[in-house]
Amino acid sequence: MSLLLSSYTLSSPKGDLALQNRIVVAPMCQYSAVNGEAQDRHLMHWANLLNSGAGLFIIEATGVTLEGRITPACLGLWDDRTEAVLKDKLSRARKLAPKTPVFIQLAHAGRKASSATPWDGGQLLSKEQGGWETVAPSAIPQLKDERLPHELSKAELQDLIAAFVVAAQRSKRIGVDGIELHGAHGYLLHQFLSPIANQRTDEYGGSFGNRIRFPLELFAAVRKAYQGVLGIRISASDWIEGGWTPQETADFSSLLKPLGCDFVHIFSGGISPLQKIAIGPNYQVPFAKIVKEQSGLPTMTVGLITEPQQAENILQKGDADLIALARAFLYKPRWAWEAAAVLGATVPSNERYWRCLPREAQAIFGDVKVWQR
Ligand SMILES: Cc1cc2nc3c(=O)[nH]c(=O)nc-3n(C[C@H](O)[C@H](O)[C@H](O)COP(=O)(O)O)c2cc1C
C-alpha cells in the first residue's frame, strides 16, 4: 500500500481538508503577471498542473503589496483588481481539472524585491529599470554592493501585518482552500528570522525570541482573520556560520503550533550568497524530520525529490507527511500518474487522457473518475 498515493487530512479551524494523496505541486513563480494581475499563462500553468494527479496545488509567491513583489512580473493580491482577475483565472483553471485543493502562497520579498526575472539575471533593478525602494528589518543589502533597503519602522511593521491580513481575506474570497505564508528563500519573514539580515536593536532583533517576534505576530493576525488551512514555508537553515539554524526552525515551529499553524513546509537557504549548501537528493529531508519530530506539526518536505520510490521511502520512514515537487512537475506534468503506476495506486485524472497508458497500466485510473466539478 503506497503512502505517497494514500489520502491525508489537514485540519483547520474551519474543518478538515482531505487530500487525495500526499503529493504536492510546490509553488512556482511564472513571472508572467502584468501589474500583479494573473494572465492566461497562469491559467494554462494551473490547469495543466491541476491535471497532474497531485493531491494539493500551491499557487506561486503572491505579493501582498506592490513593493513586496519579487519582480515586476510577479503575481499580486493587493487590490480589488488583482483579486478579481486572480479569482476569474483560477476558477476557470479549476473547471478544467479534477477537483484538487488549491493553496496560495502569500509573500513579501523585503530586500529581495525589485529584482529582475531569473532569465534577465535576477539582479536588483534600479528605479530607471522599473525597480523601487525595498524594505527590510535592517538596512543591510542582500549583496554588499547593492543599494540599502529601508529599515522598517514599528508602524510600518503594523502596516505589513495589515497587508497580509487583507490579502488573506482576499484569498478566502477567491476560493482557495488554504494559505502558505512565505517565510523562506531570504524573503521578508526569513529576513526577520535570520541574524544575517536582522540586526535590529529593538524588540524585533537580537535574541531568538526577538527575531521570531514579527513573524509570530504576523502569523497570529492572519490566523485570526482566516479560518481555512494556514501554514508557513520556512528555510530551516541559512547554511552559513552564525545564521538561522534547523534547531531554531524546530523551536519556531513549536511556537507556531499553539497559534493555530496547520502545517509547515520546510525548505532551506536564500538569505545570503555566502551560503554553502550541501545539495543532493533529499538534502532538505533531515530538516523536515527534526521539525516534524519536535513540533508534531504536519510537515511538507521539498527539494530534489524526483522519483516515486524516493518520495515513498521518505514517507515510509516517517521523515515527513507530504512531499512537494517543483521542477519534476515542470518536466513531467503527469508525474503523479507515473508515481501511481510505479507504486500500484490510483490518481484523480481526466478521462480524456486515459488512453495515454498501455492497457495493462490503465488500472491507475481505477475508480477515480473525477472530471466534472
Ligand atoms: C520556476 C520555479 C519557480 C519557483 N517559485 C517559487 C515560489 O513562488 N515560491 C517558493 O516558495 N518557491 C518557489 N520555487 C522553489 C520550489 O517551490 C521548490 O522548493 C524548489 O524548486 C526545490 O524543489 P524541486 O527540487 O522539486 O524543484 C520555484 C522553483 C522553480 C523551479
Side-chain angles (χ1 to χ4, degrees), residues 27 29-39 42 58-87 103-117 124-127 129-139 141-142 146-174 176 179-193 197-198 204 214-226 230 232-233 270:
C29 286
Q30 295 303 291
Y31 309 104
S32 299
V34 178
N35 301 321
E37 293 165 21
Q39 302 294 310
H42 294 98
I58 308 180
I59 296 176
E60 70 193 71
T62 303
V64 298
T65 66
L66 190 72
E67 302 75 25
R69 290 172 300 168
I70 307 164
T71 76
C74 281
L75 199 60
L77 187 54
W78 57 71
D79 61 8
D80 292 349
R81 176 80 191 152
T82 47
E83 178 185 329
V85 179
L86 190 43
K87 184 174 182 175
F103 290 1
I104 190 166
Q105 189 184 52
L106 295 183
H108 191 298
R111 68 180 187 177
K112 287 177 89 174
S114 181
S115 295
T117 52
L124 199 66
L125 294 171
S126 65
K127 296 217 171 98
Q129 292 168 315
W132 56 89
E133 184 184 46
T134 60
V135 299
S138 304
Q142 175 84 8
E146 282 176 353
R147 67 176 184 274
L148 303 189
H150 163 74
E151 179 170 318
L152 287 158
S153 68
K154 287 190 201 169
E156 287 165 335
L157 293 185
Q158 294 311 309
D159 292 344
L160 280 170
I161 290 177
F164 270 90
V165 166
V166 173
Q169 290 161 339
R170 293 187 186 281
S171 303
K172 183 177 170 199
R173 291 200 290 268
I174 65 170
V176 293
I179 294 175
E180 176 176 283
L181 299 177
H182 202 336
H185 291 194
Y187 297 135
L188 185 70
L189 297 183
H190 184 182
Q191 288 160 30
F192 271 88
L193 297 175
N198 181 351
Y204 292 101
F214 176 64
L216 286 182
E217 285 179 2
L218 190 145
F219 190 94
V222 174
R223 175 75 293 173
K224 208 166 150 204
Y226 181 76
L230 176 65
I232 183 166
R233 186 177 247 208

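Throughout, residue positions are numbered sequentially from 1 according to the sequence presented.
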Okay, side chain of [X], backbone of [Y]: is any donor-acceptor separation there less than 3.5 Å?
X      : Y      : result
Gln191 : Gly186 : yes
Glu133 : Glu67  : no
Arg223 : Tyr226 : yes

Name all residues meeting the side chain to side chain contact (heavy atoms under 4.5 Å, CB included) criterion together with [X]; count only those two or more places apart in sequence or in a different chain, and write none if there are none.
X      : result
Ala167 : Val64, Leu106
Ser114 : Leu124, Leu125, Trp132, Thr134, Arg147
Ser138 : Ile140, Glu151, Asn198, Gln199, Arg200
Ala184 : His182, Arg233, Ser235, Phe267

Contact summary for [X] and [Y], nearest pair of heavy atoms:
X      : Y      : result
His190 : Gly183 : CB-O, 3.4 Å
Ala73  : Thr117 : CB-CG2, 4.3 Å
Thr82  : Gly76  : CB-O, 3.4 Å
Thr65  : Ala163 : CG2-CB, 3.6 Å
Ala197 : Pro137 : O-CG, 4.1 Å
Ser32  : Gln30  : OG-O, 2.6 Å

Taking side-chain hydrogen bond (donor to acceptor under 3.5 Å, both in side chains) as the test, write out the residues that go with [X], two or more places apart.
X      : result
Tyr204 : Glu217
Glu180 : Gln105, His265
Gln129 : Ser126

Can you tell me how far apart [atom1] ([X]) and [atom2] ([Y]) are? Round to the nearest 0.5 Å.
X      : Y      : atom1 : atom2 : result
Phe214 : Leu189 : CZ    : CG    : 6.5 Å
Ile59  : Ile174 : CD1   : CD1   : 5.5 Å
Glu37  : Asp79  : CD    : CG    : 7.5 Å
Leu152 : Asp159 : CG    : CG    : 9.5 Å
Leu181 : His108 : CG    : NE2   : 13.5 Å
Thr62  : His42  : OG1   : NE2   : 8.0 Å

*How about Asn35: does its CG atom have over 12 heavy atoms from other parts shown lying under 6.0 Å from it?*
no
Should [X] and [Y] count as side-chain neighbours, where that means a heavy-atom distance under 4.5 Å?
X      : Y      : answer
Val34  : Gln39  : yes
Leu75  : Cys29  : no
Leu148 : Pro141 : yes

Which residues pass the salt bridge (Lys or Arg N to Asp or Glu O under 4.0 Å) test with [X], not counting sequence neighbours?
X      : result
Arg111 : none
Glu83  : Arg170, Arg173
Lys154 : Glu203

*Could I get the full list of ring-ring contact (aromatic ring centres under 6.0 Å, His included) partners for Phe103, not counting sequence neighbours?*
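So Phe103 forms a ring-ring contact (aromatic ring centres under 6.0 Å, His included) with Phe263.
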*Could you pull out all residues at least two apart from Phe164 that satisfy ring-ring contact (aromatic ring centres under 6.0 Å, His included)?*
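None.
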*Let me see the working for Leu86 and Ile104 under side chain to side chain contact (heavy atoms under 4.5 Å, CB included), right down to the final yes or no.*
CA-CA 11 Å; Leu86 190 43; Ile104 190 166; 3.9 Å; yes
